[in-house]
Amino acid sequence: MSARNAYLVINAGSSSLKFSVFQGQGRGDLEAVINGQIQGIGTEPKFDAKDAAKRTLAEYAWPKDKPADRPELLRFLLDWLEMRLEGATLVAAGHRVVHGGTRFAAPVRITPAVLAELEGLIPLAPLHQPHNVAAIRALAEVYPELPQVACFDTAFHQTQPWQAQTFALPRELTREGVRRYGFHGLSYEYIAQRLPQVAPELADARVVVCHLGSGASLCAMRAGKSQDTTMGFTALDGVPMGTRPGNIDPGVLIYLMREKGMDADALESLLYKRSGLLGVSGISNDMRDLLDSEAPAAAEAVELFCHGVAKQTAALAASMGGLDAVVFTAGVGEHSAPVRARVAEKLGWLGVTLDAAANRAKATRISASDSRIPVFVIPTDEERMIASHTLTVLDSAALSKAA
């Protein structure tokens with residue numbers, strides 16, 4: 001590898017840390033060179049890394065009787081990267097941070113004050129934000145001189161009009177931050193940049209992007225800006241997901257509290273871990289398993305998912321006053337032809353018709369030639385988005401310092 005700048009991208013979860021490394025001197029020449037993860041944090045950590053061609057570069061497992069903590073694991077990662085990068089300079093780390101609240105509408109260099117604000121947002125994303133913050137703190141402990149940048153999943157949606165962000169609740173609750181934020185913003189931002197390259201005629205169009213994975217949401221975009229989205233105050237709202245229910249009558253929660261004696265912790269476990277595809281099927285939260293199963297409950301779970309995606313697509317079209325294109329992205333959206341076909345069939349009344357062969361082949365454009373609404377499959381790249389933002393924040397800081 002040549003002597004170039006390297007950028008570490010981190011996506012930290014409760015028991016895993018996914019990472020990527022990009023090299024380049026500017027946003028236009030960023031090249032993904034390494035990706036990997038550390039799994040089993042807190043129990044039996046395991047490290048694996050692959051190159052851009054998905055060839056294994058390294059694997060390592062810590063002894064079961066000596067599980068390493070986050071700082072030690074990050075120190076191992078940084079030491080390994082120093083040897084692997086062969087002269088390239090690691091200049092910064094960019095983090096996926098789930099929640100930026102109302103304060104952060106763009107990526108930001110992490111300072112002690114910023115970190116304190118991110119910790120203050122933990123109640124808004126209790127299952128994600130603590131782990132994002134923990135990774136930032138651990139990296140600062142191991143490599144305090146390395147600049148760190150926070151990139152927010154909520155930031156892209158701050159262009160939405162007030163009516164798309166506001167619940168019909170007393171205004172004092174809205175002022176306190178009880179509002180619709182939306183998530184998967186880094187994915188949608190990447191698609192917003194990529195779509196005009198794929199279909200220049202749609203640069204200013206009204207588009208619904210379906211980010212369908214274990215976590216799933218849809219976003220209404222006009223001219224590349226978020227207008228509405230299905231996730232709201234938390235990542236529970238919208239379409240059914242792997243283990244999350246999507247839209248649910250709040251009265252159900254009141255019922256469960258009163259009649260079933262469920263407290264906040266029990267509700268949190270039900271809604272985040274035991275609902276969605278897993279809850280309906282009783283089999284799996286993985287769409288591939290459900291499509292392969294002959295069990296009626298598996299078929300019902302798939303149908304409920306596709307029904308929810310089609311229904312929300314139509315709702316977002318109404319929010320924009322029309323629909324000019326549909327984009328599928330993320331794990332299920334990119335790889336499941338049956339799901340795309342079923343959703344498109346339910347949108348036939350809007351003029352959506354797929355080319356079956358193109359859909360099976362996962363072509364970029366999968367709609368039939370006579371389809372009134374063009375349909376695309378565009379792979380997302382949140383990691384590249386984070387690397388690009390990290391480089392931009394550093395460049396801005398350098399310009400400000402020079403001035």
Side-chain angles (χ1 to χ4, degrees), residues 9 11 27 94-102 104-107 125 128 132 150-161 164-165 179-199 202-239 241 244 246 308-309 312-317 319-320 323-335 340 343 364 373-390 392:
V9 172
N11 183 356
R27 293 181 63 177
H95 295 261
R96 180 190 181 193
V97 177
V98 167
H99 221 301
T102 57
F104 297 108
H128 298 88
N132 303 154
C151 303
F152 302 99
D153 251 348
T154 51
F156 182 71
H157 300 297
Q158 293 217 12
T159 58
Q160 293 179 1
Q165 299 180 350
R179 45 154 282 191
R180 298 178 59 83
Y181 290 96
F183 299 90
H184 292 139
L186 292 164
S187 174
Y188 293 128
E189 186 178 8
Y190 179 82
I191 298 300
Q193 294 183 9
R194 185 81 181 94
L195 182 59
Q197 299 170 356
V198 171
L202 296 174
D204 297 322
R206 298 162 298 186
V207 181
V208 171
V209 181
C210 305
H211 177 107
L212 308 181
S214 180
S217 70
L218 283 69
C219 179
M221 298 193 310
R222 186 165 196 159
K225 304 293 184 183
S226 178
Q227 301 299 301
D228 206 343
T229 190
T230 56
M231 284 182 172
F233 181 67
T234 69
L236 287 170
D237 204 2
V239 299
M241 299 170 235
R244 289 171 259 171
V309 173
Q312 293 293 337
T313 300
L316 292 177
S319 184
M320 291 187 290
L323 181 65
D324 300 311
V326 173
V327 175
F328 288 98
T329 194
V332 175
E334 293 171 26
H335 301 296
R340 294 193 299 264
V343 172
T364 299
I373 305 292
V375 183
F376 300 87
V377 178
I378 301 178
T380 192
D381 196 341
E382 295 159 293
E383 291 78 15
R384 182 175 296 277
M385 207 71 249
I386 294 170
S388 177
H389 282 315
T390 300
T392 299

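Note that the numbering runs from 1 along the sequence shown for the chain.
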For His99, all residues meeting ring-ring contact (aromatic ring centres under 6.0 Å, His included), sequence neighbours excluded: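 Testing His99 for ring-ring contact (aromatic ring centres under 6.0 Å, His included), a comparison that skips the adjacent residues, returns Tyr181, Phe183.
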For Phe328, which residues count as a ring-ring contact (aromatic ring centres under 6.0 Å, His included) partner, sequence neighbours excluded?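 Listed in chain order: nothing, the list is empty.
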Over all atoms of both residues, closest heavy-atom pair of [X] and [Y]:
X	Y	answer
Arg340	Val332	NH1-O, 4.5 Å
Pro379	Ile191	O-CD1, 4.2 Å
Gly224	Ala192	O-CB, 3.6 Å

Sub-4.5 Å side-chain heavy-atom contact between [X] and [Y]:
X	Y	result
Thr380	Met385	no
Thr229	Gln160	yes
Met231	His211	no
Gln227	Pro161	yes
Val343	Cys210	no
Pro107	Thr392	no

Might you work through the side-chain contact (heavy atoms from CB on, under 4.5 Å) test for Leu218 and Thr313, ending with a clear yes or no? CA-CA 7 Å; Leu218 283 69; Thr313 300; 3.2 Å; yes
[X]: partners by salt bridge (Lys or Arg N to Asp or Glu O under 4.0 Å), with sequence neighbours left out:
X	result
Arg194	none
Arg222	none
Arg179	none
Asp153	Arg96

Quick check on side chain to side chain contact (heavy atoms under 4.5 Å, CB included): which of Glu382, His157, His389 does Glu189 satisfy it with?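 By the side chain to side chain contact (heavy atoms under 4.5 Å, CB included) criterion, Glu189 pairs with just one of Glu382, His157, His389: His389.
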Please name the residue in the list His184, Met221, Lys225 that meets the side chain to side chain contact (heavy atoms under 4.5 Å, CB included) test with Phe156.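 Exactly one pass, corresponding to Met221.
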Side chain to side chain contact (heavy atoms under 4.5 Å, CB included) involving Gln158 - partner list, sequence neighbours excluded: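 Gln158 satisfies side chain to side chain contact (heavy atoms under 4.5 Å, CB included) with Ala105 once adjacent residues are dropped.
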Quick one: side chain to side chain contact (heavy atoms under 4.5 Å, CB included) partners of Ala325, sequence neighbours excluded?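 Once residues adjacent in sequence are excluded, the partners of Ala325 under the side chain to side chain contact (heavy atoms under 4.5 Å, CB included) criterion are Leu202, Val207, Pro374, Phe376.
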First locate atom NE2 of His128, then atom CG of Asn11, and finally report the distance between them rounded to the nearest 0.5 Å.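 Between His128 NE2 and Asn11 CG, I get 9.0 Å after rounding to 0.5 Å.
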How long is the straight-line distance from OG of Ser388 back to CG of Leu186, given to the nearest 0.5 Å?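 So the CG of Leu186 and the OG of Ser388 are separated by 11.0 Å.
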Please answer whether the main-chain N or O of Ile386 pairs with a side-chain N or O of Thr390 as donor and acceptor at a distance below 3.5 Å.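 Checked: pair present.
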Set of side chain to side chain donor-acceptor pair (under 3.5 Å) partners for [X], sequence neighbours left out:
X	answer
Arg244	none
Thr154	none
Asp228	Ser319

Start with the C-alpha distance between Asp237 and Arg180, add both sets of side-chain angles, then the distance that settles side-chain contact (heavy atoms from CB on, under 4.5 Å), and finish with yes or no. CA-CA 10 Å; Asp237 204 2; Arg180 298 178 59 83; 3.2 Å; yes
Among side-chain atoms of Ser217 and Tyr188, is any donor-acceptor pair under 3.5 angstrom?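 The criterion, which ignores hydrogens and geometry beyond distance, is satisfied for Tyr188 and Ser217.
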Mind jotting down which residue pairs meet the salt bridge (charged side-chain N to carboxylate O under 4.0 Å, His left out) criterion with at least one end in residues 324-334? Sequence neighbours excluded, please.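 Every pair satisfying salt bridge (charged side-chain N to carboxylate O under 4.0 Å, His left out) with a residue in residues 324-334: Arg206-Asp324.
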